Amino acid sequence: MDPAGALAGRRPRRTRPRGGPGTDRYPRSRGLDFGPMASTPTAPTSWSPRTRSRGEIARWSRTMIPTLREAPAEATTPSHRLLLRAGYIRQVAAGVYDYLPLAWRSLTKIAQIVREEMNGAGASEMLMPALVAMELFEETGRAQDYGDDLFRLKDRHGRPTALGPTHEEVITAFLRDAVTSYRQLPLALYQIQTKFRDEPRPRAGLLRCREFIMKDAYSFHLNVEGPGGLNETYDAMYKAYCNVFSRCGLDFTVVEAESGPIGGSASHEFMVNCETGEDTILRCPASGYAANVEKCEIGARAWSFEGAAAAPLAKVHTPGMPGIETVASFLGVEAAGMLKTIVLEPAPGVDSGGVAWVLAVVRGDHEVNTGKVRDAIGFKVVLADEKKARAAGFAIGYVSPRAAAAAPGGALLVVDPDAAQGDLAWATGADEPNHHVTGFSWSRDLGAPTADARYVKVADARNAVVGDPSPRAKGSTLVAQRGLETGHIFKLGTKYSDAMGFAVMDEGQQKSSVIMGCYGIGVSRTMAACVEMSHDENGIIWPAAIAPYHALLVLMKPADAEHARVAESLAGELADAGLDVLIDDRDERPGVKFKDADLVGLPVRITIGEKALAAGGVELKGRRDPGKGEVVPLDQVRERCLAALTA
RNA sequence: CGGGGUGUAGCGCAGUUUGGUAGCGCGUCUCGUUCGGGACGAGAAGGUCGGAGGUUCAAAUCCUCUCACCCCGACCA
């Protein structure tokens, strides 16, 4: 491993001849002449094995880094403002951006890290088209499910086509033809490609785009367990994802997640930790357990329907107050002292065992989680259609747990433990419009059904909140943390293979559905998340591994031949050590250059100026270091640079 | 798709209430003086005022329609 190996993410490069005299055909009109352009790539004359890796050298004056003193008004998120100001991106349309040279270098480095880790996990890279025939999405029903998020177009023959938002269908269609024997499994394939999703609301620059770069991987198995099974690859991917984000220099948390509309059975999200993240995750500091709000389990809570009624049941006129907050303040109670009863119905097409309604009861300050309700009762539920529910006699907005007993066709009551407290006098709906009751007691006012497990289940039925008991460590409570989702892995199961008829003969000569996993990383989002996570008021602060260049050589006097000579020789030396170097050779005032240096955020800044040169050195400063930097003798620059980058 | 907001020079904005032929700062170009944290002076270029209709002698400004972008929500890599 070369000394800079820890920088990671650099592709080993083939040796290329350094430009000889005369390779620079176009004389530069101004600025300095570094002689031959040392970093001009020249095609190797013949194949040669990789012998060493050399960094690249670029000149600010010869590339395009349009920094802005003021951020465009439309940018409000830090990463959006900084990527725009520092000359990394330009907006072309809502959620559509140009990736300028600096951004592209970073993206390339992230992609390369992803590649290495995917290959290491046994996956093979390929590339599928962005253009997808609509009939493929029809096969799985996702033409419908995706709805308007799918970019749709017609070709000249009028054939319905889409721009791929993800490629489960495409790869499944390919493999159901190409995989002819179980012996070809397991298999993991991936691509790094532009995806298209017509987001209802693109926002925050690169964080939510309609066109973005994503790595999507798919794995195919005969079994879930055992060698070659889904779990094996899933675990390998899990590790690979941890490696990717660690190597990128990101601070991240892995959380358990709902698998969402993409379907499947298990899933983890990889979240970059940052205050401005759009997702809230909950974490148990004692056990390390983390999950998103929807998925997060809650530790055991004591409950009982037993208990004496503390107050008589009283009906109160509460005109036009269906919302908990307004009623609570009207009644003079806390939201936490109310019972919220949400009317649910079995999802279309599920076998509910004859149950027509499901009433979920949570405390007034909590939110019902339909996924948890599903887990409690064994079938999927959705929010009841309001008209239908009213017709069935539910006073929507004023429903109480008692409505379950009165409901035609029977209703199942799912009560969250925090709501199943018998010794409290609750405020809740009166089951008639514009009225609530106070003094509600489970045992007195609902009575016998509370003991009947066929009608009443007590189970976790709500979203977790900060302060809830940890599901993994007794005595520990959940804390909240913000994050940005940059990776997501799913166990898909046979959802797509079944829908698309992808099955193979197994060893026992039985037709067997292929089991799938899918694994995504938002590459462009990862770059933005990194900026979101790592910046200060002056600009971006790149981790070395994905910085567009490792070092910035700032020439105080670009016109000075001696300065130019030092810059050239230093740049060459650093490149030889494997560093990518950007030379700020612009004829600009020092202040401008320093401001731009901080904005662009390269990890190491080397200032070549009179004062340090007189002392036999240059100034070296890490992006996070305060001040002007430290004077370092020329012959130690390389070493100090590498040390700074690997720190 | 609901709610809010903004479109005037590359960027940031004023001008719109009360119609009178477009302005400021930054940036850009030229010359000079400068040169270690976004210099100074002098000069210059750059705008179908988002678009289309309409009212008017006259529209950035008033009316109608439309498009784009941003923010909050619903939704999400």
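Please read these numbers as outputs of a predicted model, since none were measured by experiment.
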Name the atoms and distances for all side-chain donor-acceptor pairs under 3.5 Å in residues 607-614 of chain A, with sequence neighbours left out.
{"residue": "A/T607", "atom": "OG1", "partner": "A/R605", "partner atom": "NE", "Å": "3.4"}

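- In this structure, A/E278 atom CD and B/rA74 atom P are separated by 12 Å, rounded to whole Å.
- For the pair A/T486 and B/rA77, the criterion of a side-chain N or O lying under 4.0 Å from OP1 or OP2 is not met.
- In this structure, the OH atom of A/Y146 is 12 Å from the C1' atom of B/rC75, given to the nearest Å.
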Taking only distance into account, with no hydrogens and no angle test, what donor-acceptor pairs under 3.5 Å do side-chain atoms of residues 79-87 of chain A form with protein atoms, sequence neighbours excluded?
{"residue": "A/S79", "atom": "OG", "partner": "A/E532", "partner atom": "OE1", "Å": "2.6"}
{"residue": "A/H80", "atom": "ND1", "partner": "A/G205", "partner atom": "N", "Å": "3.4"}
{"residue": "A/H80", "atom": "NE2", "partner": "A/Y97", "partner atom": "OH", "Å": "3.1"}
{"residue": "A/R81", "atom": "NH1", "partner": "A/A75", "partner atom": "O", "Å": "3.2"}
{"residue": "A/R85", "atom": "NE", "partner": "A/L68", "partner atom": "O", "Å": "3.0"}
{"residue": "A/R85", "atom": "NE", "partner": "A/R69", "partner atom": "O", "Å": "3.4"}
{"residue": "A/R85", "atom": "NH2", "partner": "A/R69", "partner atom": "O", "Å": "3.3"}

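- Rounded to whole angstrom, the span from the NE2 atom of A/H167 across to the P atom of B/rA77 amounts to 16 Å.
- If you take CD of A/E199 and C1' of B/rG73, they are 15 Å apart, rounded to a whole angstrom.
- Here, B/rU16 and B/rU6 have their C1' atoms 14 Å apart, quoted to the whole Å.
- Qualifying salt bridge (charged side-chain N to carboxylate O under 4.0 Å, His left out) partners for A/E70, counting only residues two or more places apart in sequence or in other chains: none.
- For the pair A/Q91 and B/rA68, the criterion of a side-chain N or O lying under 4.0 Å from OP1 or OP2 is not met.
- Remark: the separation of the P atoms in B/rA22 and B/rU48 is 13 Å, to the nearest Å.
- Counting heavy atoms of neighbouring residues, nucleotides and ligands inside a 6.0 Å radius, atom CD of A/Q91 exceeds 12 of them.
- Using Watson-Crick or G-U wobble geometry with both donor-acceptor distances under 3.5 Å, B/rU18 finds no partner in any strand shown.
- With sequence neighbours excluded, the residues that form a salt bridge (charged side-chain N to carboxylate O under 4.0 Å, His left out) with A/D365 are A/R363.
- Judged by the 6.0 Å and 45° rule, A/R105 forms a cation-pi pair with A/Y549.
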Check nucleotides 12-15 of chain B against the protein and report each pair of N or O atoms closer than 3.5 Å, with its distance, or say if there are none.
{"residue": "B/rG12", "atom": "OP1", "partner": "A/A73", "partner atom": "N", "Å": "2.4"}
{"residue": "B/rG12", "atom": "O2'", "partner": "A/E70", "partner atom": "OE2", "Å": "3.4"}

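- Not counting sequence neighbours, A/W60 has no partner by the ring pair (Phe, Tyr, Trp, His ring centres under 6.0 Å) test.
- If you take CG of A/D279 and P of B/rA74, they are 12 Å apart, rounded to a whole angstrom.
- Residue A/R201 has its side chain nearest to B/rA74 when only B/rA74, B/rA77, B/rC75 are considered.
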Table of protein N/O atoms under 3.5 Å from nucleotides 4-8 of chain B N/O atoms:
none

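- When both distances must be under 3.5 Å, the Watson-Crick or G-U wobble mate of B/rC1 is B/rG73.
- In this structure, B/rA52 forms a base pair with B/rU64, meeting either the Watson-Crick or the G-U wobble geometry with both donor-acceptor distances under 3.5 Å.
- When both distances must be under 3.5 Å, the Watson-Crick or G-U wobble mate of B/rC26 is B/rG10.
- A donor-acceptor contact closer than 3.5 angstrom links the side chains of A/D216 and A/Y218.
- Rounded to whole Å, the separation between the C1' atoms of B/rC63 and B/rC24 comes to 30 Å.
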* For every nucleotide of nucleotides 33-48 of chain B, 5' to 3': is a protein heavy atom under 4.0 Å from its base (B), only from its sugar-phosphate (S), or from neither (-)? -> -BSBBBB---------
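- The nearest whole Å value for the distance from the CZ atom in A/F245 to the P atom in B/rA77 is 13 Å.
- Contacts of A/A204 with the nucleic acid, taken as non-hydrogen atoms under 4.0 Å apart, involve only primed sugar atoms and P, OP1 or OP2.
- Remark: the separation of the C1' atoms in B/rG23 and B/rG47 is 11 Å, to the nearest Å.
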Please report, to 0.1 Å, the donor-acceptor pairs under 3.5 Å made by any side chain of residues 589-602 of chain A, with sequence neighbours excluded.
{"residue": "A/K593", "atom": "NZ", "partner": "A/L555", "partner atom": "O", "Å": "2.7"}
{"residue": "A/K593", "atom": "NZ", "partner": "A/D584", "partner atom": "O", "Å": "3.0"}
{"residue": "A/K593", "atom": "NZ", "partner": "A/R586", "partner atom": "O", "Å": "2.6"}
{"residue": "A/D596", "atom": "OD1", "partner": "A/T67", "partner atom": "OG1", "Å": "3.2"}
{"residue": "A/D596", "atom": "OD2", "partner": "A/T67", "partner atom": "OG1", "Å": "3.4"}
{"residue": "A/D596", "atom": "OD2", "partner": "A/R586", "partner atom": "NH1", "Å": "3.1"}
{"residue": "A/D596", "atom": "OD2", "partner": "A/R586", "partner atom": "NH2", "Å": "3.0"}

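- Scored by the side chain to side chain donor-acceptor pair (under 3.5 Å) test, A/N119 finds A/Y190 as partners (sequence neighbours excluded).
- Taking A/R623 as the reference, A/D536 meet the salt bridge (charged side-chain N to carboxylate O under 4.0 Å, His left out) condition, with sequence neighbours excluded.
- B/rU66 and B/rG27 are spaced 41 Å apart, taking the P atom of each and rounding to whole Å.
- Ring centroids of A/Y519 and A/H488 are separated by 6.0 Å or more, keeping the two rings apart.
- If you take atom P in B/rA9 and the same atom in B/rG25, they sit 16 Å apart, rounded to whole Å.
- Across the strands present, B/rC31 finds its partner in B/rG41; the criterion is a Watson-Crick or G-U wobble pair with both atom distances under 3.5 angstrom.
- Remark: P of B/rA77 and CZ of A/F252 are 19 Å apart, rounded to the nearest angstrom.
- The P atoms of B/rG19 and B/rC62 are separated by 9 Å, rounded to the nearest whole Å.
- Summarising the base pairing, B/rA58 is matched to no nucleotide, lacking a Watson-Crick or G-U wobble pair whose two defining distances lie under 3.5 Å.
- One can place CD of A/E168 at 11 Å from P of B/rA77, the figure rounded to the nearest angstrom.
- Residues satisfying the ring pair (Phe, Tyr, Trp, His ring centres under 6.0 Å) test with A/F245, not counting sequence neighbours, are A/F252, A/F270.
- Where A/G205 and A/I213 meet RNA chain B, the nucleotide closest to each residue was compared, and A/G205 sits on the side nearer the 5' end.
- The separation of B/rU30 from B/rG20, taken at their C1' atoms, amounts to 36 Å, rounded to a whole angstrom.
- Tested against A/Y496, the residues A/E169, A/E168, A/R142 include a single side chain to side chain donor-acceptor pair (under 3.5 Å) partner, A/R142.
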